[in-house]
Chemist: 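Below is one structure. I have some questions about it.
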Amino acid sequence: MKKRLLVTLLSVTTAALLLAGCGSSSSTDTAEADADATEDAVVEVSVEVEPATEEAEAGDDQEAADHVADLIDAIYVQEWTPETWDQCEEAKSAWDALTDEQKEMVEGEEADPEYFGRDTGDASLDDPRNQDDIGENELLVVSFGTSFNDSRATDIKGVEDALQEAYPDWSVRRAFTAQIIINHVYARDGEQIDNVDQALQRAVDNGVKNLVIQPTHLMHGAEYDELMEAVDEYADQFETVVVAEPLLGEVGDDATAVNEDKQAVAQDVVAAAVDSSDYDSLDAMAEDGTALVLMGHGTSHEANISYTQMQAEMEDLGYANVFIGTVEGEPEGTSCEEIIDKVHEAGYTNVILRPLMVVAGDHANNDMAGLDDDSWLSMFEASGYFDSVEVQIEGMGRIPDIEEIYISHTGAAMNGETPAVSSESSEESSEAELEDGEYTATFNTDSSMFHVNEALDGKVTLTVENGQMTAHVPLVSKNIVNVFYGTAEDAQKDGADLIEPTEDTIDYGDGTTDEVYAFDIPVPALDDEYDVAIIGTKGKWYDHKVSVTDPEPAK
């Protein structure tokens, strides 16, 4: 809108009169006349001025919001660089400078107003556990991570605190595998959490000798594999390194391979769900027509069979009204739509949704309990099949019995425990003579760093020729460059016959492959432990004990 600006001008005559009166001894009448002349000389002039338009102001607002969105997208990445912390701080500073209206306009590829604006609880209740002065014994707890402060303090910190209490002689430290989450927490709350490389380097810098790593991951999936690769890079920096089992333990060969860990988790999570409901028992829940739906993440990794195994375990326990689905819809038949149909066809009219996740973070709050049309809560309600749909936003990390499973896994790793082979089967196998040919056998090792690639489930090809046995052992990477049949001391002597690597292509079954080193290692006898030394890219030799068991003719 154009505005009129009133400008008062004095005529040249009036100005002259005023000048003439300055410093003179004129009479009062003369001064009054001058004033009258001045008043008569007032001229009203209309001047049109063009102010900033509403469109221009809106454009400035959007430009400021877009700048913040670009800064958020720049730190919404999985790779850390030396500039990462500065980028996080710049994004937060730019966000704080926005008006409330501008903040609502922030929208980018990953950015939205909730990145900085959502209240997820008090970050000060958490402990990043990135302190130095670790000592010789470190227990590194590795999690995927979450930007939800309350869940991080309750679920992840809950596991860490339980482990610290159980093992007071070990320094518990933290690492997250998701750099995206690390950046989010630092940018918004100023809490700096180590990624795996940073945590391992911190351990090296602090002179840690014995390192035990406890993943809080649910299974031996992609995140676990990436962790193992990262740890492998640092293995020769410590006297001992061992990685404990994730929550559900070994994956198993098929849908019916359920171990004690999966049984315990099934019982514990169902018990926690009942405790958080209005029912006295799962049976009472079923009698009232209520189904418990546990939402996992899902994965295209071969470990996705773990969800099928968990469903089988629920059925074995008689938990007919418990259904397991996944956000990713993998394995097949676990999508939200599929679970809705299964619950409806089973005749249940009420539903309780709960995450089958260690942490009740983004997936639990948004994918499960969010208000958008594609959340599980919204989809269950929109189906029209159910009288009520409730949510329990609670991660498994806060369940005391689940924490006990982690404590048990850590203790087993500290004690070097491996699955025992009965004396009877060992004796029979040792006495057996294998005919020349190829066999599939299990390669056992005392090291979580030196082992068969996870895609092979611990199996190797055992070749018998003229009574001599050799195991072909594909590893997880190319970080081990030589192997020696014997001790590390002997490996460093002149003339030592080092085993050179060959290259194998590993097919992970999800469309991805990897080139790794493999070694043809002599086997003096089945079932008996013997010495093997390895050297990595850092140039240091390490002693290990290995054995080969359970040979079967190759198919």
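Numbering starts at 1 and runs along the sequence shown.
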Chemist: Working to the nearest 0.5 angstrom, can you tell me the gap between F519 CZ and L475 CG?
Modeler: 6.0 Å
Chemist: Search all heavy atoms of I75 against all heavy atoms of A187 and return the closest pair with its distance.
Modeler: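 Heavy atoms only, the tightest pair is CD1-CB, 3.9 Å.
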Chemist: Should we count CG of D341 as having more than 12 external heavy atoms under 6.0 Å?
Modeler: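 Result for CG/D341: enclosed.
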Chemist: Between Y307 and T326, does any side-chain donor sit less than 3.5 Å from a side-chain acceptor?
Modeler: no
Chemist: State which residues pass side-chain hydrogen bond (donor to acceptor under 3.5 Å, both in side chains) with E191; sequence neighbours excluded, sorted by chain then number.
Modeler: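 side-chain hydrogen bond (donor to acceptor under 3.5 Å, both in side chains) check on E191 returns R152.
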Chemist: Decide whether E226 and T177 meet the rule of one side-chain donor and one side-chain acceptor closer than 3.5 Å.
Modeler: no
Chemist: May I ask you to decide if the ring planes of Y76 and Y115 are parallel, tilted or perpendicular, using 30° and 60° as cut-offs?
Modeler: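 Aromatic pair Y76/Y115 classed tilted.
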Chemist: Is there side-chain contact between V243 and Y224, with heavy atoms separated by less than 4.5 Å?
Modeler: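 Result yes, sub-4.5 Å side-chain heavy-atom pair found.
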Chemist: For the CD atom of Q392 and the CG atom of L292, what is their distance to the nearest 0.5 Å?
Modeler: 7.0 Å
Chemist: Quick check: does any side chain N or O of D504 sit under 3.5 Å from a backbone N or O of P474, one acting as donor and the other as acceptor?
Modeler: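 Side chain of D504 to backbone of P474, a donor-acceptor pair under 3.5 Å: no, none is there.
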Chemist: Is any side-chain N of the basic residue among R174 and D126 closer than 4.0 Å to the acidic one's carboxylate O?
Modeler: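 A salt bridge is present here (some side-chain N lies under 4.0 Å from a carboxylate O).
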Chemist: So does Q78 have more than 12 non-hydrogen atoms from other groups sitting under 6.0 Å from CD?
Modeler: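 Correct, the count exceeds 12.
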Chemist: Would you check if L356 and M396 make a side-chain contact, meaning some heavy-atom pair closer than 4.5 Å?
Modeler: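 Yes, at least one pair of side-chain atoms sits under 4.5 Å.
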Chemist: For Y348 and N321, which I'm curious about, is there any donor-acceptor pair between the side chains at under 3.5 Å?
Modeler: no
Chemist: Can you confirm whether the side chains of S378 and D373 place a donor and an acceptor under 3.5 Å from each other?
Modeler: no
Chemist: Just by modelled atom types, is the E245 backbone N or O under 3.5 Å from a matching donor or acceptor in the Q214 side chain?
Modeler: yes
Chemist: Under a 3.5 Å distance rule, please check whether S335 uses its side chain to pair with a backbone N or O of G329 as donor and acceptor.
Modeler: no
Chemist: Hey, are T442 and K459 close enough side-chain-wise for a donor-acceptor pair under 3.5 Å?
Modeler: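 A pair is found: one side chain offers a donor N or O, the other an acceptor, under 3.5 Å apart.
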Chemist: Using distance alone, with no hydrogens and no angle criterion, decide if S547 and N444 have a side-chain donor and acceptor under 3.5 Å apart.
Modeler: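 Checked: S547/N444 side chains pair up, N/O donor to acceptor below 3.5 Å.
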Chemist: Above 12 or not: heavy atoms from other molecules or residues under 6.0 Å from CG of D387?
Modeler: yes
Chemist: Is the CD atom of E109 crowded by more than 12 outside heavy atoms at less than 6.0 Å?
Modeler: no
Chemist: Closest approach of T216 and S143, non-hydrogen atoms and distance?
Modeler: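 That closest heavy-atom pairing would be OG1-OG, 2.8 Å.
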Chemist: Give a yes or no on whether the backbone of I213 and the side-chain of E138 come within a donor-acceptor separation of less than 3.5 Å.
Modeler: no
Chemist: Which heavy atom of I407 sits nearest a heavy atom of Y167, and at what distance?
Modeler: O-OH, 2.7 Å
Chemist: Would you indicate whether the side-chain heavy atoms of V159 and D155 approach each other to under 4.5 Å?
Modeler: no
Chemist: When you compare the side chain of M295 with that of M357, does any pair of heavy atoms fall below 4.5 Å?
Modeler: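 With C-beta onward as the side chain, the pair touches.
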Chemist: Is it true that a side-chain atom of Q164 and a backbone atom of W170 form a donor plus acceptor pair closer than 3.5 Å?
Modeler: yes
Chemist: When you measure from the side chain of N350 to the backbone N and O of D288, does any donor-acceptor pair fall under 3.5 Å?
Modeler: yes
Chemist: Quick one: do N479 and T537 satisfy side chain to side chain donor-acceptor pair (under 3.5 Å)? Show the steps, please.
Modeler: CA-CA 6 Å; N479 293 318; T537 55; 4.8 Å; no
Chemist: My understanding is that only one of L200, D194, V212 makes a side-chain contact (heavy atoms from CB on, under 4.5 Å) with L140; could you say which?
Modeler: L200
Chemist: With a 3.5 Å distance limit and no angle check, can you tell me whether N130 reaches the backbone of I193 through a side-chain donor-acceptor pair?
Modeler: no
Chemist: For D374, is there any backbone N or O sitting under 3.5 Å from a side-chain donor or acceptor partner on D372?
Modeler: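 It does not hold such a pair.
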Chemist: Can you find a heavy atom in the side chain of V546 that is under 4.5 Å from one in the side chain of F450?
Modeler: yes
Chemist: Which word best sums up how the rings of F386 and F380 line up, parallel for under 30°, tilted for 30 to 60°, or perpendicular for over 60°?
Modeler: tilted
Chemist: When you measure from the side chain of N195 to the backbone N and O of Q198, does any donor-acceptor pair fall under 3.5 Å?
Modeler: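 Side chain of N195 to backbone of Q198, a donor-acceptor pair under 3.5 Å: yes, one is there.
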Chemist: What I want to find out is whether D161 reaches R129 closely enough, with some N-O distance under 4.0 Å, to be called a salt bridge.
Modeler: yes
Chemist: Less than 4.5 Å apart, side chain to side chain, heavy atoms only: is that true for N259 and K262?
Modeler: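 They are in contact (side-chain heavy atoms under 4.5 Å apart), so the answer is yes.
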Chemist: Consider only side-chain N and O atoms of Q201 and D197, and report whether a donor and an acceptor are under 3.5 Å apart.
Modeler: no
Chemist: More than 12 foreign heavy atoms under 6.0 Å from CD of E79: is that the case here?
Modeler: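 Result for CD/E79: open.
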Chemist: When you measure from the side chain of H409 to the backbone N and O of P246, does any donor-acceptor pair fall under 3.5 Å?
Modeler: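 Yes; at least one donor-acceptor contact below 3.5 Å.
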Chemist: Any side-chain heavy-atom pair from F443 and I521 closer than 4.5 angstrom?
Modeler: yes
Chemist: In the structure I gave you, are the side-chain heavy atoms of N149 and R188 within less than 4.5 Å of one another anywhere?
Modeler: yes
Chemist: F144 and H217: aromatic ring centres closer than 6.0 Å?
Modeler: no
